[in-house]
Amino acid sequence: MSAKFGYDQWGRGVVLSPAHEGSGGKGPQSGAKRELTDEEYAALTGQAAKEAIDSLEGDFATGNLPDVDAVTFPGPIAENFYWSNADVCGIQGPVGSGKTTTLMKSRLRRAIEMPRSTVDGVRRYKVLFIRETYRQLWSTSIPSYLETFPKELGKWSGGRGDPVTHIIHFEDDHGPIEFVAEFMAFGDDIVASMRGVQTTDIVLNESDTMPVEILTVGIGRIDRWPARQHFEGLPVHLRGYGQIVGDFNAPDEDNWTFGVFHDEEKRRLLLEALASDLPEGAKQIQILFFNQPGYGQPGCENMQNLSPTYYQRQIATQRLAGRGDMVDRLVYNKVTYLRVGDPVWKREFNQRVHVSDTPLSLIHGQPLRIGLDQGFKGAAVIAQCDESYRWRIYAELHFPEERLMAAVFGNRLADLLEGTRFNGYRVEAGWGDMAGEHGASQAADENATWNLMVGKAAGFFIRPQRIGTNRIQPRLEAVRAALEAPLTRGEPGLLIDPSCRFLIRGFAARYVWTEEINKSGDKRKVPDKSYTEANVHDALQYLLLSEHKADGTSPYAHRMPDNDKRGRMGHNGGPPLSGNDGGLKTGWDITNPYGA
């Protein structure tokens with residue numbers, strides 16, 4: 001990597017002693033990266049850094065540093081990531097896509113391009129690898145580093161449960177370079193651990209496993225090495241050289257990496273906050289995101305360095321372990337919802353069937369129906385039901401981070417209904433929790449209830465859902481009936497707009513079973529109400545019960561054709577052997593699906 005160097009350009013050059021061929025990363029195939037046993041971890045943390053590094057076994061780099069003129073890449077997206085100097089930079093991809101190895105190699109490229117000191121001409125670069133625990137550092141980050149940077153080079157220091165430092169001195173055509181890599185665990189207190197840290201770059205391996213504070217605190221710790229006097233006399237745009245860089249698999253939508261890298265609005269707000277104190281003439285702060293294709297998609301990267309059956313084995317292993325939900329995330333690189341237990345609707349719900357790929361269009365001439373769940377964490381779902389009892393769920397209203405008075409929630413619901421999407425559509429009625437008929441403590445009128453106050457503010461009447469007397473089984477049966485209703489004109493009994501993230505997340509991962517012990521000491525399975533998605537699912541249940549008969553009978557049961565005689569036949573088509581008419585029975589208890 002030779003280039004003309006001057007004080008108006010980034011420092012660049014070539015490594016004098018090239019070795020190591022620099023192909024795409026090995027990813028999870030590497031034997032070095034595995035979970036350490038307690039005995040191995042205790043041995044490592046009891047040794048000095050040099051002893052611990054020498055004791056590691058794996059397919060590590062040997063010889064000298066990689067040749068930056070001969071680096072090859074897993075694919076074009078990884079290559080663009082390699083060359084990025086954005087202040088915050090992330091790469092997301094499936095397992096085995098070469099993202100971690102590409103990240104490691106880019107640190108050498110960053111060191112070579114470091115602005116040269118105006119004091120002594122040395123390019124001084126320091127990168128901090130940070131994880132929550134030292135076990136994670138020794139299991140993954142350090143072995144990944146050693147696949148690129150030979151452990152025999154330079155000087156190792158630290159260890160014995162403290163930060164580990166690796167210093168390499170080398171030269172290229174443009175002068176000497178000091179490369180410092182430090183490995184540190186932040187433990188339980190990120191702010192305290194990062195206090196006093198001065199570094200050029202921070203690397204966040206498996207960024208999605210870390211709290212967001214690692215970004216908000218870390219952004220103030222980069223671009224602090226070397227000291228400012230080494231940049232004196234350089235143009236303003238060359239006096240800043242720092243980066244937070246991370247690699248990760250597809251995250252959950254609640255994860256901070258989703259907000260920073262996938263949500264353009266949140267990214268814009270973060271950039272505005274970061275840019276507010278920039279000095280005049282400084283380069284604008286950048287946040288860049290590189291998303292590799294998942295397995296089976298066009299352009300899937302690093303396939304040339306993986307065995308033909310690599311991903312098939314990953315899929316089979318996850319499914320064998322009962323974690324088929326992880327296949328989308330780790331293999332297909334799709335943003336998913338991480339399960340917090342056994343989903344109530346694991347058997348009935350299919351996201352490809354019950355969630356629309358595009359925003360749903362309203363049915364002209366059909367009124368809106370609204371389901372509500374009362375309380376300070378109130379929820380509402382807005383829907384239509386056609387003549388074939390096909391439910392379309394268009395929107396949800398829920399504010400899990402706020403405690404709202406009934407009137408405030410009603411006003412926000414009114415704003416939603418008066419917006420462009422629902423303007424001109426009449427609200428037939430709302431159906432809510434029977435508990436919403438009790439006197440509201442926040443009401444000035446002692447006769448006011450949550451249902452009355454929300455209905456008055458939103459402009460429609462809310463009926464308490466009395467079918468099933470608020471027992472959970474009839475409510476769950478109403479949802480099950482809609483999920484399992486036969487397709488009509490290619491549409492399921494329940495179709496959800498993709499904007500309804502609480503509903504979808506509940507169906508897929510967070511509306512789960514828990515065990516409840518009654519007064520007699522008996523256990524039974526009930527939905528876990530500790531997750532906020534349960535509030536929105538309660539609202540949906542009250543809504544769907546509005547089309548059920550008073551005895552809880554599903555509307556779909558009376559629309560089934562009566563020309564199927566199989567339920568009334570005996571053996572080989574003969575007369576029935578008993579008075580049993582056959583057909584679907586209602587004895588199955590959805591709250592006890594396994595007969596426990």
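The side chain to side chain contact (heavy atoms under 4.5 Å, CB included) test applied to Glu264 returns no partner, not counting sequence neighbours. Glu516 is linked by a salt bridge (charged side-chain N to carboxylate O under 4.0 Å, His left out) to Arg524, counting only residues two or more places apart in sequence or in another chain. Residues passing the salt bridge (charged side-chain N to carboxylate O under 4.0 Å, His left out) test with Glu428 are Arg369, sequence neighbours excluded. Taking the side chain to side chain contact (heavy atoms under 4.5 Å, CB included) definition, one finds that Asn470 meets it with Asp433, Met434, Arg475, Tyr542, sequence neighbours left out. With sequence neighbours excluded, no residue forms a salt bridge (charged side-chain N to carboxylate O under 4.0 Å, His left out) with Glu253. A search for side chain to side chain donor-acceptor pair (under 3.5 Å) contacts involving Ser530 returns Asp528, not counting sequence neighbours. Residues satisfying the ring pair (Phe, Tyr, Trp, His ring centres under 6.0 Å) test with Tyr531, not counting sequence neighbours, are none. Partners of Tyr332 according to the ring pair (Phe, Tyr, Trp, His ring centres under 6.0 Å) rule, which considers only residues two or more places apart in sequence or in another chain, do not exist here. Residues that satisfy the side chain to side chain donor-acceptor pair (under 3.5 Å) test with Arg268, not counting sequence neighbours, are Glu265, Glu272. With sequence neighbours left out, the salt bridge (charged side-chain N to carboxylate O under 4.0 Å, His left out) criterion links Asp328 to no other residue.
Interatomic distance, Arg131 CZ to Thr140 OG1, rounded to the nearest 0.5 Å: 4.0 Å. With rounding to the nearest 0.5 angstrom, the CG atom of Asn249 is 4.5 Å from the NZ atom of Lys99. Of the inter-residue distances, the one linking Ser97 atom OG with Asn333 atom CG reads 7.5 Å to the nearest 0.5 angstrom. Here the straight-line distance linking atom CG of Asn80 with atom OG1 of Thr102 works out to 11.0 Å at 0.5 Å rounding. Atoms CG and CG, on Leu215 and Leu204 in that order, are 7.5 Å from each other to the nearest 0.5 Å. To the nearest 0.5 angstrom, Leu540 atom CG is 9.5 Å from Leu545 atom CG.
With Val381 as the fixed residue, the side chain to side chain contact (heavy atoms under 4.5 Å, CB included) test singles out one of Val536, Ile370, Leu397: Val536. Of the listed residues (Trp256, Phe258, Phe261), just one forms a ring pair (Phe, Tyr, Trp, His ring centres under 6.0 Å) with Phe248, and that residue is Phe261.
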* To do: Take Leu372 and Asn451 through the test side chain to side chain contact (heavy atoms under 4.5 Å, CB included) and record every step on the way to the result.
  => CA-CA 9 Å; Leu372 302 103; Asn451 288 345; 5.7 Å; no
* Between Asp538 and Tyr511, is a side chain to side chain contact (heavy atoms under 4.5 Å, CB included) present by the stated rule, with each step listed? -> CA-CA 10 Å; Asp538 284 351; Tyr511 190 62; 4.1 Å; yes
* For side chain to side chain contact (heavy atoms under 4.5 Å, CB included), just list the numbers for Tyr295 and Met303, CA-CA rounded to whole Å, side-chain angles, deciding distance to a tenth of an Å, and then say yes or no. => CA-CA 9 Å; Tyr295 171 62; Met303 296 298 290; 4.2 Å; yes
* **Trace of the salt bridge (Lys or Arg N to Asp or Glu O under 4.0 Å) decision for Asp254 with Arg505** => CA-CA 10 Å; Asp254 279 342; Arg505 188 162 56 208; 2.9 Å; yes
* salt bridge (Lys or Arg N to Asp or Glu O under 4.0 Å) between Asp497 and Arg421, intermediate numbers included -> CA-CA 13 Å; Asp497 190 277; Arg421 188 174 190 188; 2.9 Å; yes
* To do: Determine, step by step, whether Ile472 and Gln541 satisfy the side chain to side chain contact (heavy atoms under 4.5 Å, CB included) criterion, reporting the C-alpha distance in whole Å, the side-chain angles of both residues, the deciding distance to 0.1 Å, and the verdict.
  => CA-CA 9 Å; Ile472 188 61; Gln541 293 160 16; 4.0 Å; yes
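Thr257 and Asn255 share a side-chain donor-acceptor pair at under 3.5 Å. No donor-acceptor contact under 3.5 angstrom links the side chains of Arg463 and Ser546, judged on distance only. Between the side chains of Glu477 and His548, no donor N or O sits under 3.5 Å from an acceptor N or O. Side-chain atoms of Asn305 and Asn302 include a donor-acceptor pair closer than 3.5 Å. Side chains of Asp247 and Thr100: a donor on one and an acceptor on the other come within 3.5 Å.
In this structure, Asp208 contributes its side chain and Pro251 its backbone to no donor-acceptor pair below 3.5 Å. One N or O on the side chain of Lys377 and one on the backbone of Pro400 form a donor-acceptor pair closer than 3.5 Å. Looking only at distances, no side-chain donor or acceptor of Thr309 sits under 3.5 Å from a matching main-chain atom of Gln312. With Glu301 contributing its side chain and Gln292 its backbone, the two residues share no donor-acceptor pair below 3.5 Å. Between the side chain of Ser84 and the backbone N or O of Phe81 there is no donor-acceptor pair closer than 3.5 Å. Between the Ser307 side chain and the Tyr310 main chain, a donor and an acceptor come within less than 3.5 Å of each other.
Nearest heavy atom pair, residue Pro94 against residue Pro293, reads CD-O, 3.6 Å. Minimum heavy-atom separation, Ala508 to Gln351: CB-OE1, 4.3 Å. Residue Cys500 comes nearest to Ile496 through the heavy atom pair CB-CG2, 3.7 Å, listed as atom of the first residue, atom of the second, then distance. Residues Gln366 and Cys385 approach most closely at OE1-O, 3.4 Å, considering heavy atoms. In this structure, Asn535 and Ala379 approach most closely via the heavy-atom pair O-CB, 3.6 Å. In terms of heavy atoms, Pro527 sits closest to Leu476 at CG-CD1, 4.2 Å.
Among residues at least two apart or in separate chains, ring pair (Phe, Tyr, Trp, His ring centres under 6.0 Å) pairs with a member in residues 400-430 are Phe409-Trp450. Screening residues 390-409 for side chain to side chain donor-acceptor pair (under 3.5 Å), with sequence neighbours left out, gives Gln384-Tyr394, Arg390-Thr488, Arg392-Glu491, His398-Thr532, Glu402-Arg412.
His354 and Phe349 have parallel rings, their planes meeting at less than 30° on a 0 to 90° scale where 60° marks the start of perpendicular.
In this structure, the side chains of Leu368 and Phe460 stay at 4.5 Å or more apart for every pair of heavy atoms. Looking at Trp83 and Phe73, their side chains come closer than 4.5 Å, going by heavy atoms from C-beta outward. Residues Val526 and Thr514 meet the side-chain proximity criterion, which asks for heavy atoms closer than 4.5 Å.
Salt bridge annotation for Lys523-Glu515: present, with a cationic side-chain nitrogen under 4.0 angstrom from a carboxylate oxygen. Taking a cutoff of 4.0 Å between a charged side-chain nitrogen and a carboxylate oxygen, Asp386 and Arg489 qualify as a salt bridge.
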